[in-house]
Amino acid sequence: MASSSKVESDSEDEALDEEVEHFDDFTLASSWERFISEIEAVCRQWMSDGPKNLLEKGAVLLEFSKNLYKVKFELKYALKSYLMEYYFEKSNTDDGKVSDWNFNLHDLQLCFGVKEFLVIAPQSASGVVLDAPEASKLLSAVAIALSNCSSLLPAFVPVHDPSRKAYIGIQNRGTVFTRRFESDHIGSQVPVKLMHLEGLYELFISKFAYSTLDISVHLFKVHFTMKLTYRTLSFDDDNDVQETDAEMTESEGNPASDIHSKAQWDDDCPWSEWYSAEDPVKGFEVIAIWSEKMVESSSEMAELENASPHDAEKWILFPIFSENLTDGSKGNQIGFASQLHFLVDALDMSFEAQFMEDFVSVESQGPDNLKTSMVIPPPTVIDRMLKELFHEGVQEPNFAKSEHKNSRAIKGAPLESLFAQFCLHSLWVDSCNIRAIAVLWIEFVREVRWCWEESQPLPKMPANGSIDLSTCLINQKLQMLAICIESKRELNEDYQDCIGSTDQASPHKKEDDPFGEDSDSSSIMLTPGENFDGKRDSPSKPDDLHGSGTTVSKFSSEPEHMVLADPKPSDCIRRGSAGVVGSMMLLKSHQRMHTPCTQDAPLMTEDMHEERLRAVEAFGDSFNFSAQLEKEILSTDMSAFKAANPDAIFEDFIRWHSPGDWESDDTQEKRPIKRLAMEDSNNDWPPRGRLSRRMSEHGNLWRKIWNDAPALPASEQKPLLDPNREGEKMATKMEQLYLTMASSLRPLQANRLSSGSEIIDDLRQLCGVLEHVEKLLAVAASLHRKFLQAPRLSEAIFSDYYIFFLPRMGTASVGDNAQMDFDKKQQVRIHERPVVSNMFTPPTANQSWRKVLSMGNNLNGHEPVLREIIFSIRDRVSDHYAAHIPSVYQQEIETYRMYTCGTSNDLRVALSVVSCD
């Protein structure tokens, strides 16, 4: 016993020593008082710091607000943990009031009209105080702490069940007044009386009027303001309802009506040919606001309930967008961008095989990792696509009509061209897998080959003009093939015409033939020859016969005016002339110089130009190189010039073809040819001048070509563009899928494409950017068609959404402060209200969502989805301690305020009352 007593005494001494070692404030006799002191210390620190320092210490901006911040502190009392939060604004004013219908308000600011406030709540799963005595004690502790530090901040404690959003609160209004707050929520079975404005008005009056008064006959000056929110039926649901109504109408005896087919919102959009997109704009909310007014009786409230929303002072429009717009998950939307993702996957997998046939051949199974889900589309699908590509719309398309001004920068194919249409079809052939694309490509090449072999026009491709080098290489090759096919057809037609004219030639001379049987048609140049440009050959005549009006008809062997001429040798016959060159004369004969009809330069695709550039590097002498590359063109021009000017010499050709290489002593010949062609003066002959130094050098290549060139008009020359030769090249080029695809993607390639190349990842990122752009286009199209009569609204809404969406497009950094939900609203002007109102189509009897209307203030038969009202009473009061000068210290304050929010199914009421303590 002694030992135990000693141990006990030692323990007591140690406990006593520990108490002596630290300081105890014996003025705080209980844990309750220490709890109040801790709250007071925290509040004093917050008040001392002020908004600026609190922001530097890490105050958090609330997501829904632009000016409301929050700081917090953890407290403990009676084995429980509490969290106290201080809500404040960066820019504060002295009045402590907030606008009634500011859309950036905190829930407590809206309910009770406060600006800055404290909230203290237990750190538990519910986050509310379920015990009433505990709630009262907790609120009292905060009120005492705030009073000790002379703070006028209101404080709130959440109570009851979290779903009720119930609070109790208190605010010190100085030495005289105290303001108390209370809110609660009815989740079901709302009394019928409280569904109407009249009943809500009487509920507010009952909070301060004597219970014995007949409220219906007494007048009370109550301030009233109201906000009603209407929501359109989801546009997708609205289409379904219209379709159901149409079906019922048809079944009731109107089978002829053609409204059974459901119209899509994007039927008139460019992509509707390929797919129907989800409408990104799901609906709209219209907020109608009645500004504050004075009401004095229940009858006035009844009249207000029957008022039209068009009587409201302000309309606010809020668009409701699809969640898929900001949802980053893959495959949540069908569109070109999603298909491009599959196309890039197909490109990546294409390197697993050597030939396209490996993906579709029965003998070859292709790559080992080819997914079984990549099925080959049925022949009917391929046939339908080929019919759309080759047998529908064979007319030449107008590429400039649908071309964007910056489309050439990507070096693609024009939208309406054959290859662009093939690419679009390949995006939608059986989920755009590699096997399906391979089948379509092989059949596409077969159809192109058939067009060539049968000399049939290549659809959706221009068959004239020059090769468009700003497009991709495959499009260039197809354009080359289309031109070759057209040239081949013209040659075939000329050959058939020649055979036909020979067969139809008459063996007898006409009786009125003035030349008789011995006349030689060749000697007088009456053979109707015609070259590619439609220019007619003309005989070489003396100058006095030039311009005499003698013409040769294509359908007659007789001239319109008979001109007798002496027979001339065959080498002096002028052929292939397009007319005289002004007043220019030949050097060796007194003949006018004639312009020959020449062939067009041969067409070349991009790879052919690159081949010539490589030859530049390998040659050396730039002048001789140029002449060598252009030898064929130069030779045809010289032959045509010789045929049109039988007496011409090399110097004459230089004067016509390259005037810069003729150093003339005649100032007239130094003028432009076009100007000379307009003159008809007789110059001295022969012209005076000499060849340039480079043209007069020994062994000049141009002179050698001149000497070798025969005198042949363009109609008899070998075509510079051999349609058979160039057309046959196309079959080989189109079979090399990987090389041609790599050429078309050249602007995106830093090196050659290969399996696992970084370019594949770059393409996938590009697809992501295109997906964002596609979403924005859908938003713009949807808004445009919904606001055709109010374009300002569509432009303003889209501008706001673009700013909201921009951080998600990869063009700006997305941080923690990025806005998650779109909340921008637009004020509707008076002349725009009918457009917005028309979106609320009157409900039909067959709509399942229709219910008995009970709230009033209907908009085209739609009752508000939310009704918010603020009632208030204001009185002028004065401080009791300054009663001897009341006029100086009197001020108007809200002595009673009630906020109600709800529908016909639920109701929330928040009440604040100022009392004199």
Side-chain angles (χ1 to χ4, degrees), residues 264 266 270-278 330-394 412-413 415-451 458-461 472 474-475 478 731 734-738 740-741 744-745 760 763-764 767 770-771 774:
Q264 301 296 332
D266 56 352
W271 59 79
S272 61
E273 178 183 355
W274 307 98
Y275 69 94
S276 179
E278 174 194 12
K330 196 173 181 181
N332 59 357
Q333 183 174 342
I334 297 177
F336 286 119
S338 62
Q339 299 304 111
L340 285 174
H341 279 288
F342 297 133
L343 184 62
V344 174
D345 294 339
L347 175 63
D348 192 20
M349 184 167 290
S350 66
F351 297 101
E352 300 294 333
Q354 185 176 3
F355 304 103
M356 289 296 292
E357 289 76 6
D358 292 342
F359 293 104
V360 298
S361 176
V362 178
E363 293 79 7
S364 176
Q365 297 301 322
D368 297 335
N369 62 345
L370 194 63
K371 298 180 181 178
T372 57
S373 59
M374 296 182 181
V375 297
I376 297 178
T380 54
V381 174
I382 299 298
D383 292 342
R384 175 180 57 80
M385 291 188 172
L386 292 176
K387 181 180 179 181
E388 293 175 356
L389 288 171
F390 289 92
H391 303 292
E392 293 182 1
V394 295
L415 177 60
E416 301 298 329
S417 66
L418 180 61
F419 183 63
Q421 291 297 309
F422 166 81
C423 294
L424 289 172
H425 280 79
S426 65
L427 287 176
W428 301 99
V429 55
D430 209 85
S431 300
C432 194
N433 68 75
I434 183 61
R435 301 187 68 193
I437 295 175
V439 172
L440 183 59
W441 175 259
I442 292 172
E443 296 300 325
F444 176 78
V445 173
R446 289 177 180 172
E447 287 290 330
V448 171
R449 180 71 188 185
W450 180 87
C451 290
L458 203 60
K460 302 179 177 65
M461 293 302 298
C472 65
I474 294 183
N475 186 76
L478 288 173
M734 293 183 69
E735 290 174 359
Q736 301 173 359
L737 173 65
Y738 307 116
T740 52
M741 284 295 183
S744 65
L745 295 175
I760 300 297
L763 290 175
R764 289 195 174 101
C767 290
L770 292 175
E771 182 178 355
E774 189 174 39

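For reference, positions follow the sequence shown, starting with 1. Because the structure is predicted, anything quoted here is derived from the model rather than measured.
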Partners passing side chain to side chain donor-acceptor pair (under 3.5 Å) against W428 (at least two apart in sequence or in another chain): none
Kindly compute the distance separating CZ (F444) from CG (L386), expressed to the nearest 0.5 Å. 9.0 Å
Return the minimal non-hydrogen interatomic distance between G335 and Y275, and the atom names on each side. CA-CZ, 3.5 Å
As an exercise, state the distance from CG of L343 to CG of D348, rounded to the nearest 0.5 Å. 11.5 Å
Please list, chain by chain and in numerical order, all residues satisfying side chain to side chain donor-acceptor pair (under 3.5 Å) with S272, sequence neighbours excluded. none
Quick check: does any side chain N or O of R435 sit under 3.5 Å from a backbone N or O of F359, one acting as donor and the other as acceptor? yes
Whether the side chain of E774 engages the backbone of A337 through a donor-acceptor N/O pair (distance < 3.5 Å, no angle test) should be reported. yes
I'd like to know if the side chain of K460 and the backbone of Q421 have a donor-acceptor N/O pair within less than 3.5 Å. no
Check the pair F422 / L440 against side chain to side chain contact (heavy atoms under 4.5 Å, CB included), numbers first and verdict last. CA-CA 9 Å; F422 166 81; L440 183 59; 3.7 Å; yes
Ring centers of W450, F390 separated by less than 6.0 Å: no
Would a 4.5 Å heavy-atom cut-off, applied to side chains only, mark L427 and F336 as touching? yes
To the nearest 0.5 Å, tell me how far L424 CG sits from M385 CE. 10.5 Å
Evaluate the side chain to side chain contact (heavy atoms under 4.5 Å, CB included) criterion for residues I442 and E357: first the C-alpha distance (whole Å), next the side-chain angles of each, then the deciding distance (0.1 Å), finally the verdict. CA-CA 8 Å; I442 292 172; E357 289 76 6; 4.1 Å; yes
Beyond-backbone contact of D345 with R764, side-chain heavy atoms, under 4.5 angstrom: yes
Are the side chains of L389 and P459 in contact, using a 4.5 Å heavy-atom criterion? no
Side-chain contact, heavy-atom cut-off 4.5 Å: N475 with M461? yes
What residue among T380, I382, V381 forms side chain to side chain contact (heavy atoms under 4.5 Å, CB included) with R384? V381
Straight-line distance of D383 CG to E388 CD, nearest 0.5 Å: 11.5 Å
Minimum heavy-atom separation for A413 and C472, please, with both atom names. CB-SG, 4.1 Å
Between CD on residue Q339 and NE2 on residue H341, distance to nearest 0.5 Å: 10.5 Å
Distance col, row L347:CG vs I437:CD1, nearest 0.5 angstrom, shows 9.0 Å
With a 3.5 Å distance limit and no angle check, can you tell me whether D266 reaches the backbone of A277 through a side-chain donor-acceptor pair? yes
Could you walk me through whether E447 and K387 pass side chain to side chain contact (heavy atoms under 4.5 Å, CB included), step by step? CA-CA 10 Å; E447 287 290 330; K387 181 180 179 181; over 6 Å; no
